[in-house]
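Below is one structure, written out as structure tokens; comments come after it.
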Amino acid sequence: MSLDRETLKAIWKVVSEIPPGYVLAYGEVATLAGYPKGARMVSRALGAAPKAMRLPWHRVINAQGKIAFPKDSAGWKKQRDLLEREGIQFLKGRVDLQRYGWKGVVDQLIWGDEMPLA
DNA sequence: GGGCTGACCTACT
DNA sequence: CAGTAGGCCAGCC
């Protein structure tokens, strides 16, 4: 499989569907786009996204709830700023996926558990 | 083709 | 919770 136009489109679509204030892990984006093992392709797809489409790339983080960039890089600070601007709080340098994870929210809605978010 | 790299992930120590 | 190891897959020598 390669990053052809269709693949990129599928990944970009998933990312663009993430509502403000929520995040999704690379692996989950890959799965929803139809590539369960394609987590690494997602990172490439994000980097290949045209700046003009204003893709919410900052809502994509790794499965550990952490930003994928080195914490001392410019990209790291920028992503964190964008996320906090949407109301996402960082605890110990990490995002609480149970609370801000988009898929997690869907699951909670389905299973109807006690969910902390409004 | 062969080998290395990476905005990754899971499992184990 | 931090580090390590193995697995994955596409891109670039």
Side-chain angles (χ1 to χ4, degrees):
Chain A
M1 198 60 77
S2 62
L3 282 181
D4 52 25
R5 190 115 176 60
E6 293 305 308
T7 306
L8 288 174
K9 221 173 80 173
I11 293 175
W12 290 339
K13 179 176 174 57
V14 172
V15 175
S16 66
E17 298 288 324
I18 304 173
Y22 290 99
V23 296
L24 211 51
Y26 288 89
E28 293 179 324
V29 172
T31 298
L32 292 176
Y35 299 88
K37 306 305 175 69
R40 308 193 84 139
M41 295 200 313
V42 175
S43 64
R44 286 192 173 286
L46 293 185
K51 190 176 181 179
M53 81 166 55
R54 283 174 193 58
L55 194 73
W57 59 272
H58 56 280
R59 296 184 197 142
V60 183
I61 60 180
N62 67 25
Q64 301 171 40
K66 296 191 294 188
I67 292 175
F69 288 113
K71 62 179 180 308
D72 46 17
S73 70
W76 187 92
K77 289 194 289 286
K78 177 163 188 181
Q79 184 168 10
R80 168 162 179 162
D81 182 61
L82 289 170
L83 290 175
E84 289 186 323
R85 190 175 300 180
E86 293 185 348
I88 294 177
Q89 298 175 18
F90 281 73
L91 303 175
K92 301 291 187 297
R94 287 174 298 170
V95 172
D96 185 348
L97 293 178
Q98 282 295 307
R99 180 157 159 176
Y100 301 111
W102 188 32
K103 190 178 188 307
V105 171
V106 176
D107 286 343
Q108 289 180 16
L109 286 175
I110 294 176
W111 307 124
D113 275 327
E114 69 281 61
M115 46 193 290
L117 56 88

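Protein chains get the first letters and strands the later ones, always in sequence-line order, with residue 1 at the start of each. Here the structure is a predicted model, which means the values were calculated and not measured.
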Applying a 4.0 Å non-hydrogen cut-off, can you work out what A/Trp57 is touching in the nucleic acid: base, sugar-phosphate, or nothing? base
Single-linkage hydrophobic cluster A/Leu82~A/Leu91, side-chain heavy atoms < 4.5 angstrom: no
If you only use heavy atoms from C-beta on, which nucleotide in C/dA10, B/dA7, B/dC9 is closest to the side chain of A/Met41? C/dA10
At less than 3.5 Å, do the side-chain atoms of A/Arg40 and the base atoms of B/dC8 form a donor-acceptor pair? yes
Side chain of A/Leu3, heavy atoms from C-beta onward: which of C/dC8, B/dC8, C/dA10 has the nearest atom to it? C/dA10
Solution key, residues 67-78 of chain A side-chain donor-acceptor pairs under 3.5 Å, sequence neighbours excluded:
residue, atom, partner, partner atom, Å
A/Ser73, OG, A/Pro70, O, 2.8
A/Ser73, OG, A/Trp76, N, 3.2

Quickly work out the A/Ile67 CD1 to B/dC8 C1' distance and round it to whole Å. 15 Å
Any side-chain to backbone donor/acceptor pair from A/Asn62 onto A/Gly65? Under 3.5 Å, distance only. yes
Is there a donor-acceptor pair closer than 3.5 Å between any side-chain N or O of A/Arg99 and the backbone N or O of A/Leu97? no
Round to a whole Å and report the spacing from CG of A/Leu97 to C1' of B/dC8. 14 Å
From C-beta outward on A/Ser2, which listed nucleotide comes closest to its side chain: C/dC9, C/dG11, B/dC8? C/dG11
Nearest-nucleotide 5' precedence on DNA chain C, A/Gly38 against A/Lys66: A/Lys66
Separation of C/dA10 P from A/Tyr26 OH (nearest whole Å): 18 Å
Testing the basics here: between A/Ser16 and A/Lys13, what is the closest heavy-atom pair and its distance to 0.1 Å? OG-O, 2.7 Å
Starting at CG of A/Asp4 and ending at C1' of C/dC9, how long is that distance when rounded to a whole Å? 14 Å
Provide, to the nearest angstrom, the distance between the CG atom belonging to A/Asn62 and the C1' atom belonging to B/dG6. 13 Å
Go nucleotide by nucleotide along DNA chain B from the 5' end; which of A/Gln64 and A/Leu46 gets its closest nucleotide reached first? A/Leu46
Could you give the CG-to-P distance, from A/Leu83 to B/dA7, as a whole number of Å? 18 Å
Tell me if the side-chain of A/Arg44 makes a donor-acceptor pair with the base of C/dG11, cut-off 3.5 Å, by modelled atom types. no
May I have the distance from A/Glu28 (atom CD) to B/dT10 (atom C1'), rounded to whole angstrom? 14 Å
